[in-house]
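A short worksheet on the structure shown next.
Atom set for the values below is all heavy atoms of this structure, side chains included, hydrogens, waters and symmetry mates excluded.
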Amino acid sequence: NWSIAPRDRLSLTYRLTRAGYADHPAVGIRADGKRGFVAAFDRAFPARFAAARTLAVTRGKVTVAEVDLAGSGAAVAELRRCVAGTEDRTIPLDPFAK
C-alpha cells in the first residue's frame with residue numbers, strides 16, 4: 001500500500017545494531033504489482049548486516065520498517081559460499097551480455 005512510485009528518489013536512514021547509514025539514497029521500484037525501494041551500499045554492508053540483530057529504516061521521523069534479522073547471518077554466509085563456488089565454473093561475469 002505504499003505510494004512510492006518507480007524511479008522516485010528519496011533519502012532513508014538505515015540503522016543496524018552497530019552501524020548506520022543516515023540520509024542514504026534509495027530509488028522506488030514496482031515488482032509483482034507491489035511498490036518498494038532499492039538502495040546500494042558500501043562493501044562493508046553485508047558483514048554489518050550479517051552481524052546485526054535488527055534493521056530499522058526511517059524516512060525523517062517516519063518509520064518505514066523494523067526487521068528482526070535473526071538467522072540473517074547464516075543466510076549471508078551461505079550466499080557467500082554459493083557465490084564463491086561459481087568462481088571456478090564457466091559462468092560468465094555477465095550472462096546477459098550479447
>> Suppose we screen for side-chain hydrogen bond (donor to acceptor under 3.5 Å, both in side chains). Which residues come up paired with Tyr21, at least two apart in sequence or across chains?
In response: Asp42, Arg48

> Who passes side-chain hydrogen bond (donor to acceptor under 3.5 Å, both in side chains) against Asp94, sequence neighbours left out?
Replying inline: none

Output side-chain donor-acceptor pairs under 3.5 Å for residues 24-37, partner residues at least two apart or in another chain, one line each.
{"residue": "His24", "atom": "NE2", "partner": "Ala40", "partner atom": "O", "Å": "2.5"}
{"residue": "Arg35", "atom": "NH1", "partner": "Ser3", "partner atom": "O", "Å": "3.2"}
{"residue": "Arg35", "atom": "NH1", "partner": "Ile4", "partner atom": "O", "Å": "3.4"}

> Do any pairs count as a ring-ring contact (aromatic ring centres under 6.0 Å, His included) and have a residue in residues 47-84, sequence neighbours left out, and if so which ones?
Replying inline: Phe45-Phe49

>> By the side-chain hydrogen bond (donor to acceptor under 3.5 Å, both in side chains) test, which pairs, at least two apart or in different chains, include something from residues 57-67?
In response: none

>> Would you compute the distance between atom CG of Leu12 and atom CG of Leu10 and round it to the nearest 0.5 angstrom?
In response: 4.5 Å

> Rounded to the nearest 0.5 Å, how far does CZ of Arg18 lie from CG of Leu16?
Replying inline: 11.0 Å

Partner set under side chain to side chain contact (heavy atoms under 4.5 Å, CB included) for [X], not counting sequence neighbours:
X: Ala65; value: Val57, Val67
X: Thr17; value: Ala52, Arg53, Thr54
X: Val62; value: none
X: Ala50; value: Val76

> Mind checking whether Leu79 and Arg81 have side chains closer than 4.5 Å, heavy atoms only?
Replying inline: no

